[in-house]
K.L.:
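This structure is in structure tokens; I'll ask about it shortly.
Just so it is clear: chains get the letters A, B, ... in the order the sequence lines come, proteins before strands, and each one is counted from 1.
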Number of protein chains: 2
Amino acid sequence: MTQYANQQHILVAVDCIIFGFDGKDIKLLLIQRGFEPEKNKWSLMGGFLKPNEKLDEAANRVLKQLTGLEGVYLEQLQAFSDTDRDPEERTISIPYFALIDIQQYEKQINEAYHPEWYLLNKKPRLIFDHDDMVRLAQKHLRYKAALHPILFELLPPKFTIPQLQNLYEAVYDTIFDSRNFTRKLMSTGLLVKLNEKDKTGSKKGAFYYKLDKRKYKANMAAFLNFVPKAEKYI
Amino acid sequence: MTQYANQQHILVAVDCIIFGFDGKDIKLLLIQRGFEPEKNKWSLMGGFLKPNEKLDEAANRVLKQLTGLEGVYLEQLQAFSDTDRDPEERTISIPYFALIDIQQYEKQINEAYHPEWYLLNKKPRLIFDHDDMVRLAQKHLRYKAALHPILFELLPPKFTIPQLQNLYEAVYDTIFDSRNFTRKLMSTGLLVKLNEKDKTGSKKGAFYYKLDKRKYKANMAAFLNFVPKAEKYI
DNA sequence: ACAAAAGTGTTGGACATACACCCATGA
DNA sequence: TCATGGGTGTATGTCCAACACTTTTGT
């Protein structure tokens, strides 16, 4: 059997698919690549894995570099490893899918990468296989969000029910019945009502809510069905 | 921003977590590692990524090397990238989780790796972070199987309902009501009843079924709930 | 005839959906 | 006062879980 010395060493990168929500649409944060090949073309934010860091650390570093944000929701997706995916040199890339509060982002200032938010269906063509990464991330977002309460990550700490419903409607590109939506949401016990209203967008105003952090952390596994009581096993 | 030449190149490996089902228990196929470090210690079957292959190809190659099987159900899990996970040299590993028909395997002969099937709770301690990989794979198996009909991959082409129920009971370490189980199963329309009975294990005999391959391929996405009609979006 | 596993139906409760009106307020 | 979006309740049907007895046949 083969040993270490005979093996080829290759480049490993991470790329971040960064989602945000502007109150109406889901958006994607893209940059213009700063070096060859494909310099100045639109791209996901990425970077090479460094000798002394794990992949998760690399993804966090890259994300912070662009957005200034830390502690962001990040999830590793499946590796991309086509031998010719990067024309310069063989590189495998591990995509990370990130959900950020777009308001937090806007407060940061980093123009080094010329980043821009794009609507998913209006984004430019991206370099390499980044378009495939985006498709995978979008699919994963829908999958995961149907089962787990992750979309809160896209909202500010205080948010209203109509905002949240808009978010779900944007993700699934459909319309939800607000009475049923509210009832289900409340039944999770994840929300805490505040005494404050958001008056932008309506005269009556909508109450703000915040997450019950304790329950939220504990309930990342939730909602299912085929194996009876499947949630017990996840 | 950095360029390609300045980056460190590292080793990339795949490791296979191979599950089988013997009619009663879920088992794991392990090997004794053939080279240093940790030579002769128990390990997952793995191998280094080669210059001209993708990760999926590497996993299939490694799996075939050990089992002789092709076309096996394989799924990529999250990469393991701790900087010191391999004491010899930094190596990131992409684990693949495999479901094989243990009967197909038994027909193959490959003693080069001294492979053995182990019960999950009686397996030896494995090298590096392979124990973590196994835990991750087991968790993923439960998660995935609760939502998608993947456990058929562990059974031979002809199987009985009681066999299938045993399998689910083994995976979830619980007992299912056979009436409800059968009804749900039948309602999927995935099974085709054969005119043949398995008489081992009972006097009455249990009918064999096979998968409706067409429907099976089409229904890998199925069963959910929080987003109304979530299955539409997955 | 009996042992051992396979096979089959019904009922009650929970939950999901569908649906329409009143409320609060700013302009 | 009216226009706008926020907020709430009920009735119906579907689906799930709980539950026990009959069938088959080898010994």
K.L.:
Quick one: B:Phe181 CZ to C:dG7 P, roughly how many Å, whole number?
P.N.:
12 Å
K.L.:
Would you kindly give the CZ-to-P distance between A:Phe176 and D:dG5, to the nearest whole Å?
P.N.:
20 Å
K.L.:
For the pair made of CZ in A:Phe207 and P in D:dG5, what is the distance, rounded to whole Å?
P.N.:
19 Å
K.L.:
Is it true that B:Asp131 and B:Lys123 have a side-chain N and a carboxylate O under 4.0 angstrom from each other?
P.N.:
yes
K.L.:
Out of curiosity, A:Lys204 NZ to A:Lys197 NZ, how far, rounded to the nearest 0.5 Å?
P.N.:
6.0 Å
K.L.:
Need to verify one output field. Residue with the more 5' nearest nucleotide on DNA chain D, A:Gly201 or A:Lys193?
P.N.:
A:Gly201
K.L.:
Let's see if you can work this out: which of D:dG26, C:dA6, C:dG26 has an atom nearest to the side-chain heavy atoms of A:Lys203?
P.N.:
C:dG26
K.L.:
A:Asp177 CG to D:dG7 P: how many Å, rounded?
P.N.:
15 Å
K.L.:
To the nearest Å, how far apart are B:Lys199 NZ and D:dG26 C1'?
P.N.:
9 Å
K.L.:
Could you state the CD1-P distance from A:Ile161 to D:dG5, rounded to the nearest angstrom?
P.N.:
18 Å
K.L.:
Is B:Arg183 side chain donor-acceptor paired with the C:dG9 base, going by distance under 3.5 Å alone?
P.N.:
yes
K.L.:
When you check the phosphate oxygens OP1 and OP2 of D:dA17, does a side-chain N or O of B:Lys184 lie under 4.0 Å from one of them?
P.N.:
yes
K.L.:
Under the 3.5 angstrom rule, does the side chain of B:Tyr216 hit a backbone N or O of B:Pro149 as a donor-acceptor pair?
P.N.:
yes
K.L.:
Any ion pair linking B:Asp22 and B:Lys24 (charged N to carboxylate O, less than 4.0 Å)?
P.N.:
no
K.L.:
Answer whether the closest heavy-atom distance between the side chains of B:Ile17 and B:Leu28 falls below 4.5 Å.
P.N.:
yes
K.L.:
Expressed in angstrom and rounded to an integer, what is the separation of A:Phe159 atom CZ from D:dG6 atom C1'?
P.N.:
16 Å
K.L.:
Answer yes or no: does a side-chain N or O of B:Lys204 lie under 4.0 Å from OP1 or OP2 of C:dA4?
P.N.:
no
K.L.:
Grab the CG-C1' distance between B:Asn166 and C:dA6 for me, whole Å please.
P.N.:
12 Å
K.L.:
Which one, C:dA20, D:dA17, D:dG6, comes nearest to the side chain of B:Asn180?
P.N.:
D:dA17
K.L.:
Tell me which of A:Gln163 and B:Gly205 sits closer to the 5' end of DNA chain D, going by the nucleotide each one is nearest to.
P.N.:
A:Gln163
